[in-house]
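Down below is the structure, laid out as structure tokens.
In what follows, every heavy atom counts, from backbone to side chain, and hydrogens, waters and symmetry copies are set aside.
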There are 4 protein chains.
Amino acid sequence: MMSNSKPTAARRERERGARRQLILDAAKSVFDERGFLNATMEEIAERSELAVGTLYRYFQSKEELYVSLLFEAMEMFREGIEGARGSGGPPNEQLRAVWRFFYAFYREQPEYYRALMFLHNEGLSDAISPGVIQEINHRAGVNFRLVAEIVQSGVDAGLYRSDLDTRGVVDVLWSLLMGLVQLIETRRNLGAPADMLETLHYEAFEWLECGLRRRVSASVRAN
Amino acid sequence: MMSNSKPTAARRERERGARRQLILDAAKSVFDERGFLNATMEEIAERSELAVGTLYRYFQSKEELYVSLLFEAMEMFREGIEGARGSGGPPNEQLRAVWRFFYAFYREQPEYYRALMFLHNEGLSDAISPGVIQEINHRAGVNFRLVAEIVQSGVDAGLYRSDLDTRGVVDVLWSLLMGLVQLIETRRNLGAPADMLETLHYEAFEWLECGLRRRVSASVRAN
Amino acid sequence: MMSNSKPTAARRERERGARRQLILDAAKSVFDERGFLNATMEEIAERSELAVGTLYRYFQSKEELYVSLLFEAMEMFREGIEGARGSGGPPNEQLRAVWRFFYAFYREQPEYYRALMFLHNEGLSDAISPGVIQEINHRAGVNFRLVAEIVQSGVDAGLYRSDLDTRGVVDVLWSLLMGLVQLIETRRNLGAPADMLETLHYEAFEWLECGLRRRVSASVRAN
Amino acid sequence: MMSNSKPTAARRERERGARRQLILDAAKSVFDERGFLNATMEEIAERSELAVGTLYRYFQSKEELYVSLLFEAMEMFREGIEGARGSGGPPNEQLRAVWRFFYAFYREQPEYYRALMFLHNEGLSDAISPGVIQEINHRAGVNFRLVAEIVQSGVDAGLYRSDLDTRGVVDVLWSLLMGLVQLIETRRNLGAPADMLETLHYEAFEWLECGLRRRVSASVRAN
DNA sequence: GATGAATGAGCATTCATTCAT
DNA sequence: CATGAATGAATGCTCATTCAT
């Protein structure tokens, strides 16, 4: 019976988590609407119905708040990847499913991709606590590893070349994804024709995936 | 004959061009050192030994000045691509040479890549005159077309699949390049291990290029 | 009999005093390290292992906490003065001993001098409870009176001029001390040469003390 | 004839100086009313009818603006000292005149004394350009030297002891002045009786000055 | 055309203090 | 009594851009 001897501590923990999420939700909507630079901490505070100072009790800086959005994004990535992996199909199909998920996720939540690109800013780590950076690195590592395991299972199944650097394959897949997103958005930004992302996205995968496969007989070589 | 009826006009034109270049050179060095956000128009003015106001007679805004750096970058890209194409080797070698050039150019002038990524910023066109955007689009189009012609020549030579969307191939190559650069720089930024760009870069091309080739006999298909 | 009718009350009193001292000790070390402006109540709370709110149950404000450090400083002054007085030497030696003590105390605990100078801030009394101000005034009065008694004993012994305003003498001594400290620290702050405090301090006393003495015969007068 | 070839440059220089003085005047009145901490750059801007940004084109920081007030204060000190020196009286009278001037100046412009005490703040130099610190040091040096020359002339006249460290004498005089000001203002601040500054100020000088004099015959010595 | 002094809106961040538990 | 999360007002400073000369 003598259970929950510290009811306050537990509730506090819960409330802290809830409030943190409240801020993150407000932040997501503001950053989404205005972009990082034009977003103001004041608006985030208003939208979360908290005081500005409270935001800073949960996040060290505007940058840290922005980057913290990636925690949930990466969690969703993980779920998507595990979903693709758990589908039970052959490894190449799993990989294709991951790729499709990446694309679908981008269409649904493009702002997360902007936050991902934000990580590219030099000197970012000055504004963010080491713990957050560590967490980002950790989650990214987990996700990359999950996809690498799919590739590895393709190798094990004799489907992919046995000399593949599976981690490198994932890096390349990810790079291709981010690069495509960037290209398409840049074109739209500059008013250049930017159609066909879907097709391009699909084909790019096929081309790349082809290079991973084990050859039964040589393909045509010009030299 | 050789009409020099307007010597002043000609000289003026020349001086204007020289001064414009002066500004661009100063801008490049400042943006390079400080990044776009931390660079100030005042420092660029000082370094070009011109007045701040003069900068605005040549460039509509800080953004336009930054983006204008891409004119020369794209010219260098063009030269690199034409160099690869003029090497006389087979199309796949030409393509590989282009890819190597991209990499080498990044190593030498990484700041141009940052300016390229800058184009991704939403709402950028508000700060830039249409002419500049047009010029960027034009030059990009030229370069993409040049590479696409190499791919096409590969198709014509029976080396690449005849159903290739050559323009799409170039988009994918370019996306892969930019994505890799971004990934590597992000990792460095976050203190994550970020070695092996060179190898990765090389392999990524091989994998991708493989998917472009015409198949003599089918490779292993799992399903 | 030994009434322990209110053991809790007594213990409470003791605990309250101990906790108060705990806070003062933490405050001293924080103010010492950071200075008044850069010190935060939060850090003081952490270092005393108490909650921020608790600090405010003992001290009305940050200012009051800072100024309250002077209680112990003034107690130490009192001990120093009484030590000098109890040495049994002639009054002028006692006075010199006081002066030496002032100097030694500054060398050991310069932060107390900063708190003393802090009293100079206009509008300070708004942030401090009257009781604390009263206590400061009281202790200062006691100390000044003690020194004044030494001067008076010098007068009584025929050593010092009989028309001396002994209280004024002490004011001047104290002012000279504080002024010297300020001058030396300002010079150090501005990177100006600031040597010789010790010598200066010593000589200043001799010059001043000389003016207090009863003249047996006139000294040279120029006019 | 060909005179004033650069009238614009000259006028600009003049205007810059005038505007700088405008700011200093506004700053003096605001700092005077509110004290350093409660003064805001915005109010100084309003009162000088300039934009906030303009203030920062003339002064690097709020601190630098405050401290720059001392330029004019020190100039007034210099004039006062030279006036005392030029009075033609004997050295001790000149010194007394300097002392009286110090006192009068404090009564008229007590805010300058607060700025002088401000120099005591640790870490001040971080907020002030080296040039300003240098200038402060320079002007202070000039003034101290001028007073030291008076003392020296007293020594030369056989009035003061020949073993005097004249520079030290001035340091002590200055310290005594600042210490007295501080003591009196502290007392007023704490509601303690703080009368008699004038008398005290006068007597302090007499006592101190006495110690500088050459003795014709020994005064009473107790030991 | 060139100049460069002036502009001034805009914003992240701090921290002493409160008060519900 | 102790707690410590929440508050939110308050402010120094930047810097792209303009425009009178």
Geometric cation-pi criterion, D:Lys62 with D:Tyr56: 6.0 Å, 45°:
no
From the candidates E:dT13, E:dT3, F:dC13, the one with an atom nearest any side-chain atom of B:Leu50 is E:dT3
Of F:dC15, E:dA12, F:dC13, the nucleotide closest to the side chain of A:Tyr56 is E:dA12
Per nearest nucleotide of DNA chain F, the residue lying toward the 5' end, B:Gly53 or C:Thr54, is C:Thr54
Walking DNA chain F from its 5' end, the first of D:Leu37 and B:Met41 to be reached, judged by nearest nucleotide, is D:Leu37
I want to check one thing: is the phosphate of [N], taken as OP1 and OP2, less than 4.0 Å away from some side-chain N or O of [X]?
{"X": "C:Arg19", "N": "F:dA2", "value": "yes"}
{"X": "B:Arg16", "N": "E:dG1", "value": "yes"}
{"X": "C:Tyr58", "N": "F:dA2", "value": "yes"}

DNA chain E nearest-nucleotide lookup for D:Ala51 and C:Glu42: closer to the 5′ end is D:Ala51
Check: Which part of the nucleic acid, if any, lies within reach of C:Ala39 when heavy atoms closer than 4.0 Å are counted: base, sugar-phosphate only, or nothing?
Finding: sugar-phosphate
Base, sugar-phosphate or nothing for C:Arg57? Non-hydrogen atoms, less than 4.0 Å. base
Nucleotide [N], atom [atom2] - distance to [atom1] of [X] in whole Å:
{"X": "B:Ile128", "N": "F:dT17", "atom1": "CD1", "atom2": "P", "answer": "11 Å"}
{"X": "D:Ile44", "N": "E:dG8", "atom1": "CD1", "atom2": "C1'", "answer": "16 Å"}
{"X": "A:Phe59", "N": "E:dA12", "atom1": "CZ", "atom2": "P", "answer": "16 Å"}
{"X": "B:Arg34", "N": "F:dC15", "atom1": "CZ", "atom2": "C1'", "answer": "14 Å"}
{"X": "A:Leu65", "N": "E:dC11", "atom1": "CG", "atom2": "P", "answer": "16 Å"}
{"X": "C:Asn38", "N": "E:dC15", "atom1": "CG", "atom2": "C1'", "answer": "12 Å"}
{"X": "A:Leu55", "N": "F:dA9", "atom1": "CG", "atom2": "C1'", "answer": "16 Å"}
{"X": "D:Tyr66", "N": "F:dG12", "atom1": "OH", "atom2": "P", "answer": "14 Å"}

(request) Step by step, work out the salt bridge (Lys or Arg N to Asp or Glu O under 4.0 Å) result for C:Glu33 and C:Arg47. (result) CA-CA 12 Å; C:Glu33 281 173 33; C:Arg47 210 170 291 191; 2.9 Å; yes
Any strand, both distances under 3.5 Å, Watson-Crick or G-U wobble: E:dA5 pairs with F:dT18
Rounding to 0.5 Å, atoms CZ (B:Phe36) and CD (A:Glu122) come to a distance of 15.5 Å
Look only at the side chain of C:Thr54 and the backbone of C:Leu50, and say whether a donor-acceptor pair between them is shorter than 3.5 Å. no
Next on the checklist: So that I can tick it off, tell me whether B:Glu43 and B:Arg34 are bridged by a salt bridge, with the cut-off set at under 4.0 angstrom between side-chain N and carboxylate O.
Outcome noted: yes
